[in-house]
Colleague: 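Quick one: this structure, given as structure tokens, is what I'll be asking you about.
It should be emphasised that the depicted structure is a prediction, and the values quoted were computed from it without experimental measurement.
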Amino acid sequence: MNRTITVHEILRYTKPRAIDRLSHPYRNYWGIQRDPADPEAANVLQEAGINAPRLVSAPDGQRLPLLSLRSTPIKSGTVETPWHDDYRMGAGKIRYYGDHKVTSRVPLGETTGNRRLLDVWAKHRSGSASVRAGAPPALVFRTVTVETPQGAREKGFIEFCGLVVIEDVQEVILEDPTTGRAFPNYVADLAVLSLEEDRFDWRWVDARRKPWLSAEATLQFAPGSWREWIADGAASLRSVRRLEATKFLARTNNLDRGAPDPITPGQSRALAAPVSLLARLARDDNDESSLEQHFRAAFSTLLHQMGASSGVTPEKAGDVVRDSGRQSVGP
């Protein structure tokens with residue numbers, strides 16, 4: 001069974017042993033996350049916003065296998081979720097809020113989710129490569145609405161948004177939408193890491209759930225971007241951060257590797273200029289609307305300079321973006 005998941009892939013999420021009675025084309029989350037070699041391994045639930053399986057007692061100490069973060073956009077700004085997580089997938093950045101609410105009866109940092117978030121952040125921001133080597137990976141999902149023959153479903157489907165490193169956590173003051181009362185919470189800045197062919201191998205999670213393996217031994221299934229981050233820390237994020245523009249450029253360059261592509265080699269080379277500009281702008285922390293405006297401007301200038309003989313049209317560019325899995329630069 002294929003136990004890799006792809007960035008932006010939508011998965012069916014039900015109760016662990018529920019019978020799925022909906023008609024849809026999506027893979028079941030539980031079939032991916034369960035280790036076929038160890039059915040008793042702790043499940044990675046997606047019930048709360050900040051999720052984690054039970055700790056593992058490994059040879060090098062207790063280990064949290066991973067941290068899993070989930071957003072529910074349809075609840076954003078409500079009493080249940082009085083904040084708005086910000087997904088800037090084009091720039092490889094996510095702002096994710098903790099779970100302290102106006103109704104929380106414990107001090108800031110003592111809710112279950114925020115404790116997990118702070119514990120993992122302490123390892124992610126460490127200046128020690130040995131500490132980072134044992135740090136739990138963090139995955140991000142968000143709930144999406146899916147059309148089925150039985151109608152639209154706002155629950156029961158999640159989109160995989162990637163592997164992340166927690167760059168920073170800050171205290172913020174928010175306002176409860178019902179009472180207007182101010183309350184504190186944390187917001188985390190997440191760096192989305194690049195993955196080979198945008199695929200995450202769940203066998204890494206399996207390895208981290210095995211108590212007889214050391215943290216170092218589990219890294220055989222870790223992506224290259226994660227291993228580079230372990231070696232170089234925060235300094236590596238500029239090179240290992242996932243950018244939609246970079247994926248777009250890679251798609252236009254597939255002809256050099258013999259992959260099918262809807263554009264000619266000349267058109268692919270022509271598209272490289274505006275896409276490279278977009279990647280550079282993303283690294284420089286421009287917002288989503290600015291990125292798309294810059295891209296359109298660069299593309300229009302390119303068409304004007306090359307004229308109709310280039311054969312590159314907005315429609316052709318759109319084909320490349322669609323084949324790259326994204327219709328626009330935004331999330």
Colleague: Report yes if some heavy atom in the side chain of Phe200 is under 4.5 Å from a heavy atom in the side chain of Leu193; otherwise report no.
Modeller: no
Colleague: Answer yes or no for Arg12 and Tyr29: cation-pi contact, defined as NZ/CZ to six-membered ring centre under 6.0 Å and angle to ring axis within 45°.
Modeller: no
Colleague: Ignoring hydrogens and geometry, is there a side-chain-to-backbone donor-acceptor pair from Arg242 to Gly92 under 3.5 Å?
Modeller: no
Colleague: At what distance, to the nearest 0.5 angstrom, does OH of Tyr186 lie from CG of Leu108?
Modeller: 4.0 Å
Colleague: If you draw a 6.0 Å radius around CD in Gln170, do more than 12 non-hydrogen atoms from other residues or ligands fall strictly inside?
Modeller: yes
Colleague: So do Pro211 and Ser57 actually touch side chain to side chain, heavy atoms under 4.5 Å?
Modeller: no
Colleague: Can you tell me how far apart CD (Glu9) and CD (Glu159) are? Round to the nearest 0.5 Å.
Modeller: 10.0 Å
Colleague: Start with the C-alpha gap between Asp85 and Thr72, add the side-chain angles, then the distance that decides, and say whether side chain to side chain contact (heavy atoms under 4.5 Å, CB included) holds.
Modeller: CA-CA 9 Å; Asp85 295 331; Thr72 306; over 6 Å; no
Colleague: Could you go through the salt bridge (charged side-chain N to carboxylate O under 4.0 Å, His left out) check for Lys210 and Asp35 one step at a time?
Modeller: CA-CA 10 Å; Lys210 297 184 187 306; Asp35 183 354; 2.8 Å; yes
Colleague: For residues Asn2 and Arg27, determine if any side-chain heavy atom of one lies less than 4.5 Å from a side-chain heavy atom of the other.
Modeller: yes
Colleague: Is it true that, when you exclude Glu171 itself, more than 12 heavy atoms of the residues, nucleotides or ligands shown sit nearer than 6.0 Å to its CD?
Modeller: yes
Colleague: Are Tyr96 and Ile166 side-chain neighbours, meaning at least one heavy-atom pair lies under 4.5 Å?
Modeller: no
Colleague: Using the rule that two of Ile, Leu, Val, Met, Phe, Trp, Tyr join whenever any of their side-chain heavy atoms come within less than 4.5 Å, decide whether Leu163 and Ile10 are in one cluster.
Modeller: no
Colleague: Would the distance check show the side chain of Arg116 and the main-chain N or O of Leu67 forming a donor-acceptor pair, the cut-off being under 3.5 Å?
Modeller: no
Colleague: Given 3.5 Å as the limit, does a donor-acceptor pair link the side chain of His124 with the main chain of Pro136, or not?
Modeller: yes
Colleague: Is a donor on one side and an acceptor on the other found under 3.5 Å between the side chain of Arg208 and the backbone of Leu64?
Modeller: yes
Colleague: Between the main-chain N or O of Gly49 and the side-chain N or O of Arg70, is there a donor-acceptor pair closer than 3.5 Å?
Modeller: no
Colleague: Do the side chains of Ile230 and Leu219 get nearer than 4.5 Å, heavy atoms only?
Modeller: yes
Colleague: Answer yes if Val172 and Leu69 sit in the same cluster of Ile, Leu, Val, Met, Phe, Trp and Tyr residues linked by side chain heavy atoms under 4.5 Å apart, and no otherwise.
Modeller: no
Colleague: Which word best sums up how the rings of His24 and Phe157 line up, parallel for under 30°, tilted for 30 to 60°, or perpendicular for over 60°?
Modeller: perpendicular
Colleague: Does the pair Asp206/Arg209 count as a salt bridge with the N-to-O cut at 4.0 Å?
Modeller: yes
Colleague: Could you go through Thr143 and Ile74, starting from their C-alpha distance and side-chain angles, then the distance that decides it, and tell me whether this counts as side chain to side chain contact (heavy atoms under 4.5 Å, CB included)?
Modeller: CA-CA 8 Å; Thr143 303; Ile74 61 172; 5.5 Å; no
Colleague: Step by step, work out the side chain to side chain contact (heavy atoms under 4.5 Å, CB included) result for Leu117 and Asp99.
Modeller: CA-CA 10 Å; Leu117 190 68; Asp99 65 346; over 6 Å; no
Colleague: Under 30°, 30 to 60°, or over 60°: which ring-plane class applies to Trp83 and Tyr97, parallel, tilted or perpendicular?
Modeller: parallel
Colleague: Indicate whether the side chain of Ser128 and that of Ser126 have a donor and an acceptor atom separated by less than 3.5 Å.
Modeller: no
Colleague: Answer yes if Phe160 and Leu45 sit in the same cluster of Ile, Leu, Val, Met, Phe, Trp and Tyr residues linked by side chain heavy atoms under 4.5 Å apart, and no otherwise.
Modeller: yes
Colleague: A side-chain contact here means heavy atoms from C-beta on lying under 4.5 Å apart; do Val106 and Thr111 qualify?
Modeller: yes
Colleague: Begin with the C-alpha distance, continue with both residues' side-chain angles, and end with the deciding distance and a verdict on side chain to side chain contact (heavy atoms under 4.5 Å, CB included) for Phe141 and Ile5.
Modeller: CA-CA 11 Å; Phe141 297 84; Ile5 52 177; 4.3 Å; yes
Colleague: Side chain of Thr81, backbone of Ser76: donor and acceptor closer than 3.5 Å?
Modeller: no
Colleague: Indicate, with yes or no, if Val131 and Val56 share a hydrophobic cluster defined by side-chain heavy-atom contacts under 4.5 Å among Ile, Leu, Val, Met, Phe, Trp and Tyr.
Modeller: no
Colleague: Of the options Arg105, Lys101, His100, which is the one that meets Thr103 in a side-chain contact (heavy atoms from CB on, under 4.5 Å)?
Modeller: Lys101
Colleague: Quick check on the hydrophobic clustering: are Phe221 and Val164 connected, directly or via other members, by side-chain heavy-atom contacts under 4.5 Å?
Modeller: yes
Colleague: With a 4.5 Å heavy-atom cut-off, do Leu118 and Val169 have their side chains touching?
Modeller: yes
Colleague: Rounded to the nearest 0.5 Å, how far apart are OG of Ser68 and CD of Glu47?
Modeller: 11.0 Å
Colleague: Give, for atom CD of Glu167 and atom NZ of Lys93, the distance between the pair rounded to the nearest 0.5 Å.
Modeller: 7.0 Å
Colleague: Between Gln150 and Leu22, what is the shortest heavy-atom contact and its length?
Modeller: NE2-CA, 3.5 Å
